[in-house]
Amino acid sequence: ILVRVNALPIPNTDPVRDTVIGLKESVKIFAFGGISYQWEPNDLSIIDNPASSSPIVSPPIDQLYVVTITDINGCKQKDSVFVKIKNEIFVPEIFSPNQDGANDEFLVEGVGVKQIDLRIYDRFGKTVFH
């Protein structure tokens with residue numbers, strides 16, 4: 001007796017890779033390769049649509065999102081996306097806007113910062129910019 005078995009491939013998953021956002025920010029995460037999707041955790045306070053292929057997530061702490069992808073044949077595959085919360089800011093302590101090409105620009109860089117109250121003082125302690 002000869003039995004023919006057709007092996008179906010598992011869904012090809014390709015979610016967005018791990019990402020970093022600031023506290024109270026949101027990000028859209030993606031999964032592909034299926035006809036239905038189920039993300040966990042499915043708490044609506046941190047994911048807008050757990051059945052979407054591209055939900056928007058707003059985790060208050062670092063969060064691993066796991067998606068179960070089901071393809072047209074009913075085959076399932078799991079994958080995950082890690083969203084890290086990181087609030088970091090770099091503020092230079094000095095700058096010299098004298099057009100000599102060294103430290104001429106005052107550039108604040110960061111993730112998760114919405115607003116900065118900035119004051120610049122001269123060497124005598126007088127506020128020259130606010």
Side-chain angles (χ1 to χ4, degrees):
I1 296 179
L2 181 62
V3 176
R4 183 178 193 140
V5 176
N6 288 330
L8 300 172
I10 58 174
N12 181 19
T13 64
D14 190 19
V16 168
R17 294 297 121 214
D18 299 343
T19 190
V20 177
I21 62 173
L23 185 63
K24 297 184 181 178
E25 290 185 338
S26 299
V27 66
K28 186 179 275 196
I29 56 178
F30 300 90
F32 303 95
I35 60 167
S36 71
Y37 305 86
Q38 187 58 51
W39 291 90
E40 292 183 18
N42 57 11
D43 179 349
L44 293 178
S45 69
I46 61 172
I47 186 167
D48 73 332
N49 183 355
S52 171
S53 66
S54 56
I56 297 172
V57 298
S58 308
I61 59 172
D62 295 353
Q63 182 68 57
L64 179 68
Y65 290 92
V66 178
V67 61
T68 301
I69 302 167
T70 306
D71 73 6
I72 196 165
N73 300 306
C75 297
K76 296 179 186 249
Q77 173 75 343
K78 287 190 176 194
D79 211 332
S80 62
V81 175
F82 185 73
V83 179
K84 180 167 183 59
I85 304 298
K86 192 171 188 180
N87 286 321
E88 287 190 354
I89 186 167
F90 171 75
V91 180
E93 293 181 11
I94 60 171
F95 76 111
S96 58
N98 59 5
Q99 307 303 318
D100 68 353
N103 302 314
D104 287 331
E105 292 185 13
F106 185 83
L107 180 61
V108 177
E109 298 177 346
V111 174
V113 179
K114 299 282 187 205
Q115 182 176 345
I116 295 175
D117 181 23
L118 176 69
R119 296 169 196 252
I120 299 175
Y121 302 93
D122 67 13
R123 70 176 101 180
F124 305 108
K126 180 181 175 191
T127 302
V128 294
F129 180 82
H130 177 247

Q: For the residue pair Pro41 and Leu64, establish whether any side-chain heavy-atom pair is separated by less than 4.5 Å.
A: no
Q) Linking I/L/V/M/F/W/Y whenever any side-chain heavy atoms sit under 4.5 Å apart, do Val128 and Leu118 land together? A) yes
Q. Salt bridge (charged side-chain N to carboxylate O under 4.0 Å, His left out) with Lys24: which residues, sequence neighbours excluded?
A. none
Q.
Within the supplied structure, the quantity of interest is the number of heavy atoms (other residues, nucleotides, ligands) at a distance under 6.0 Å from Ile61 CD1; does it exceed 12?
A. no
Q.
On a heavy-atom basis, which atom in Phe82 and which in Asp18 lie closest, and how many Å separate them?
A. N-OD1, 2.9 Å
**Q.** Members besides Ile35 in its Ile/Leu/Val/Met/Phe/Trp/Tyr cluster (side-chain heavy atoms under 4.5 Å)
**A.** Ile72
Q: Starting at CD of Gln63, measure out to OG of Ser58 and round the result to the nearest 0.5 Å.
A: 11.5 Å
(Q) Just so I know, are the side chains of Tyr65 and Ser80 near enough to count as touching, which here means a heavy-atom distance under 4.5 Å? (A) no
(Q) What's the separation between atom CD in Glu40 and atom CD1 in Ile47, rounded to the nearest 0.5 Å? (A) 9.5 Å
Q) Hey, is the main chain of Cys75 close enough, under 3.5 Å, to the side chain of Asn73 for a donor-acceptor pair? A) no
Q) For Pro59 and Ile46, which heavy atoms make the closest approach, and how far apart are they? A) CA-CG2, 4.2 Å
Q. Do Phe30 and Ile56 share a hydrophobic cluster, counting only Ile, Leu, Val, Met, Phe, Trp and Tyr and linking them when any side-chain heavy atoms are less than 4.5 Å apart?
A. no
**Q.** Donor-acceptor pair, side chain of Asp104 and main chain of Gln99, under 3.5 angstrom
**A.** yes
Q) Counting distance only, does the side-chain N/O of Ser96 pair as donor-acceptor with the main-chain N or O of Ala102 below 3.5 Å? A) yes
**Q.** For Ser54 against Lys28, the heavy-atom pair lying closest together
**A.** O-CG, 3.6 Å
(Q) Quick one, Ile85 and Ile21 - any side-chain contact, counting heavy atoms below 4.5 Å? (A) yes
Q: State which residues pass salt bridge (charged side-chain N to carboxylate O under 4.0 Å, His left out) with Asp117; sequence neighbours excluded, sorted by chain then number.
A: Arg119
Q: Drop me the distance from Ser52's OG to Tyr37's OH, to the nearest 0.5 angstrom.
A: 9.0 Å
Q. Looking at CG of Leu23 and NZ of Lys86, how far apart are the two atoms once the value is rounded to the nearest 0.5 Å?
A. 14.5 Å
**Q.** Stepwise side chain to side chain contact (heavy atoms under 4.5 Å, CB included) check, Val57 with Trp39
**A.** CA-CA 10 Å; Val57 298; Trp39 291 90; over 6 Å; no
